[in-house]
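First the structure, in the form of C-alpha cells, and then the observations on it.
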2 protein chains.
Amino acid sequence: MQEMITTYSIGEVAEKFGLSLPTIRYYDKEGLIPNLNKNEAGVRRFTEENIGSLQMIECLKNAGMPIRDIKQFMQWTLEGDASLDKRYQMFQELRVSVLKQMEAMQNTLNTIDFKCKYYGQATEDGTEKYVKKEMHLERP
Amino acid sequence: MQEMITTYSIGEVAEKFGLSLPTIRYYDKEGLIPNLNKNEAGVRRFTEENIGSLQMIECLKNAGMPIRDIKQFMQWTLEGDASLDKRYQMFQELRVSVLKQMEAMQNTLNTIDFKCKYYGQATEDGTEKYVKKEMHLERP
DNA sequence: GCTTAACCTAAAGTTAAGTTTAGGTATTTG
DNA sequence: CAAATACCTAAACTTAACTTTAGGTTAAGC
C-alpha cells in the first residue's frame with residue numbers, strides 16, 4: 001500500500017502566502033524552512049510541515065521578530081526536545097513584547113482618533129482656527 | 001513687557017524622546033520638523049511647536065508610516081487651511097491601517113498564546129511527543 | 001588661556017530584508 | 001521541434017532609516 005504525500009510547488013506556496021518567489025527562496029537559503037527538500041530535478045517540493053514552518057514564519061514576522069531570530073528558532077526545532085525550554089522562553093518573551101506593541105498601538109490609535117475628529121471639524125469649518133483653540137484643552 | 005519663550009537644546013530633546021542626536025538632525029534635514037530655527041551660533045533651539053512635531057512623528061512612526069509620508073504631512077501643515085482635506089483623509093486612512101494592524105497583532109498574539117501553552121506543557125512533560133498529538137486537534 | 005562639553009556639517013558607511021539580473025534546466029503545449 | 005512556462009543558482013543591487021566619521025565652532029569652567 002502506497003502512502004500518498006501531497007506536496008506543493010514554490011509557485012503554489014507563493015500564491016497561498018502572498019509572498020514572492022525570491023522571498024521564499026531567500027527564506028530557504030537563510031535556513032528558515034527546516035526539512036525542505038528538492039526532487040530529482042532540483043526543484044523544491046513543500047510538504048505540510050514546510051507549509052507549517054511558513055505559517056510560523058509569518059506569525060513571528062508579524063510579531064516583529066527579525067529573520068536571524070526566526071532562523072534560531074527553526075534551528076532549535078531541529079534539535080528536538082533538548083531545546084524545548086529555549087523555545088518556551090522565546091515564546092514567553094515574545095508574548096510580552098507583543099503585548100507591549102499592542103499597548104503602543106492602542107495609544108497611537110487614540111491619538112489618530114483624536115486627529116480624525118480634529119480634522120473632521122476643521123474641514124467642516126474650512127479652517128483650523130476654531131478647532132485649534134477648542135480642542136487644545138483635551139490634548140495638551 | 002517681554003514674552004518669555006522657553007526653548008530646548010537638541011540634547012534635551014533627545015533625552016526627552018529617547019532618540020539619538022543624529023536621528024533628530026536627520027529628521028530636521030528631511031524636513032520633518034517645520035519651523036525649527038537655529039540661534040545666532042547656528043545651534044538648533046526647539047520650541048513647544050517643534051516638540052509637538054516630534055510627538056506627532058513618533059505617533060506616525062508607530063503607526064508604520066514611512067519618513068517620506070511623514071514629511072509630506074509636515075509640508076501640508078505648512079500650507080495651512082488649504083491642505084486640511086488632505087490631512088483629514090490621511091488620518092482616516094491611517095486609522096483603517098492601524099485597525100488592520102491591531103487585528104493582525106491580535107491573531108499573532110493568539111498563536112503565541114497557544115504556543116506558550118503548548119511549550120509549557122511540553123516542557124513539563126520533558127518532550128513534545130504527547131502535547132503534539134493532544135493539542136494538534138485545536139490548531140490544524 | 002586652555003580644556004571640556006555640547007553643538008555643527010557633509011559625506012560615507014551600515015543593516016535588514018528583500019529584489020533584480022543574468023544565465024541555465026526541465027517539462028509541457030501548439 | 002519550437003516556444004512558452006515554471007523552475008533553478010549566484011551575485012549584484014536596492015531601499016529605508018539611521019549611524020559613524022572627520023573635521024570644525026562656541027561657551028563655560030578652572
Side-chain angles (χ1 to χ4, degrees), chain A residues 6-33 36-47 50-51 53-75 94 97 101 104 108, chain B residues 6-33 36-47 50-51 53-75 94 97 101 104 108:
Chain A
T6 39
T7 62
Y8 306 89
S9 71
I10 194 171
E12 289 164 344
V13 172
E15 171 75 11
K16 184 176 170 68
F17 285 95
L19 295 170
S20 74
L21 305 197
T23 295
I24 296 177
R25 293 195 189 111
Y26 165 70
Y27 289 167
D28 182 24
K29 195 171 54 162
E30 292 297 308
L32 264 56
I33 315 173
L36 172 54
N37 296 318
K38 296 171 184 173
N39 67 13
E40 328 73 49
V43 172
R44 273 171 273 254
R45 298 305 316 187
F46 291 75
T47 64
N50 302 143
I51 302 288
S53 292
L54 276 165
Q55 256 151 13
M56 187 47 60
I57 290 167
E58 288 302 279
C59 170
L60 298 178
K61 270 205 300 180
N62 246 294
M65 185 176 278
I67 298 295
R68 191 182 343 105
D69 295 2
I70 299 179
K71 174 183 184 167
Q72 170 73 280
F73 169 70
M74 292 301 179
Q75 301 310 305
L94 195 60
S97 160
Q101 289 178 61
T108 298
Chain B
T6 39
T7 63
Y8 306 89
S9 72
I10 193 171
E12 289 164 343
V13 172
E15 171 75 9
K16 184 176 169 69
F17 284 95
L19 296 169
S20 74
L21 304 198
T23 295
I24 296 177
R25 293 195 189 110
Y26 165 71
Y27 288 167
D28 181 25
K29 194 171 56 164
E30 292 298 307
L32 263 55
I33 315 174
L36 172 54
N37 296 317
K38 296 172 186 172
N39 67 15
E40 328 73 49
V43 173
R44 273 170 273 254
R45 297 306 314 188
F46 293 75
T47 64
N50 303 142
I51 302 288
S53 292
L54 276 166
Q55 255 152 13
M56 187 47 61
I57 290 167
E58 288 302 278
C59 170
L60 297 177
K61 270 205 300 181
N62 245 293
M65 184 175 279
I67 297 294
R68 190 182 344 104
D69 295 2
I70 298 179
K71 174 183 184 166
Q72 170 72 282
F73 169 70
M74 291 302 179
Q75 300 310 305
L94 195 59
S97 160
Q101 290 178 61
T108 298

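Order of the sequence lines fixes the chain letters, A, B, ..., with proteins taken first and strands second; residue numbering starts at 1 for each chain. We use all heavy atoms of the structure for the numbers below, so side chains are in, but hydrogens, waters and symmetry mates are not. Computed from a predicted structure; not experimentally measured.
Residues satisfying the side-chain contact (heavy atoms from CB on, under 4.5 Å) test with A:Y26, not counting sequence neighbours, are A:E30, A:I67. A:A63 pairs by the side-chain contact (heavy atoms from CB on, under 4.5 Å) definition with A:L94, A:V98, B:T108, B:I112, not counting sequence neighbours. With sequence neighbours excluded, no residue satisfies ring pair (Phe, Tyr, Trp, His ring centres under 6.0 Å) with A:Y8. For A:N50, the side-chain hydrogen bond (donor to acceptor under 3.5 Å, both in side chains) partners two or more places apart in sequence, or in a different chain, are A:T47. Contacts of B:S9 classified as side-chain hydrogen bond (donor to acceptor under 3.5 Å, both in side chains), with partners at least two apart in sequence or in another chain: none. Residues passing the side-chain hydrogen bond (donor to acceptor under 3.5 Å, both in side chains) test with A:D28, sequence neighbours excluded: A:R44.
A distance of 11.5 Å separates OG1 of A:T23 from CG of A:L32, quoted to the nearest 0.5 Å. A distance of 8.5 Å separates CD1 of A:I57 from CG of A:L19, quoted to the nearest 0.5 Å. With rounding to the nearest 0.5 angstrom, the CZ atom of B:R45 is 10.0 Å from the OG1 atom of B:T6.
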Distances under 3.5 Å only, N/O to N/O: pair up the protein atoms with those of nucleotides 3-6 of chain C.
none

Could you pull out the protein-nucleic contacts involving nucleotides 23-26 of chain C (nitrogen or oxygen on both sides, under 3.5 Å)?
none

Under 3.5 Å, which N/O atoms of the protein pair with N/O atoms of nucleotides 15-19 of chain C?
from: C:dA16; atom 1: OP1; to: A:R68; atom 2: NH2; distance (Å): 3.1
from: C:dA17; atom 1: OP1; to: A:I67; atom 2: N; distance (Å): 3.4
from: C:dA17; atom 1: OP2; to: A:I67; atom 2: N; distance (Å): 3.3
from: C:dG18; atom 1: OP2; to: A:Y27; atom 2: OH; distance (Å): 2.9
from: C:dT19; atom 1: OP2; to: A:S20; atom 2: OG; distance (Å): 2.6
from: C:dT19; atom 1: OP2; to: A:T23; atom 2: OG1; distance (Å): 2.4

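Residues in residues 60-74 of chain B take part in these salt bridge (Lys or Arg N to Asp or Glu O under 4.0 Å) pairs, two or more places apart or across chains: B:E58-B:K61. Residue pairs meeting the salt bridge (Lys or Arg N to Asp or Glu O under 4.0 Å) criterion with at least one partner in residues 13-26 of chain A, sequence neighbours excluded, are absent.
On the nucleic acid side, DNA chain D has its first and last nucleotide under 4.0 Å of a heavy atom of chain A at D:dC7 to D:dT9, going 5' to 3'.
Residue-level contact check: A:R25 touches the bases, meaning some heavy atom is under 4.0 Å from a base atom.
Side-chain atoms of A:Q55 and A:F17, non-hydrogen and from C-beta on, do get closer than 4.5 Å to each other.
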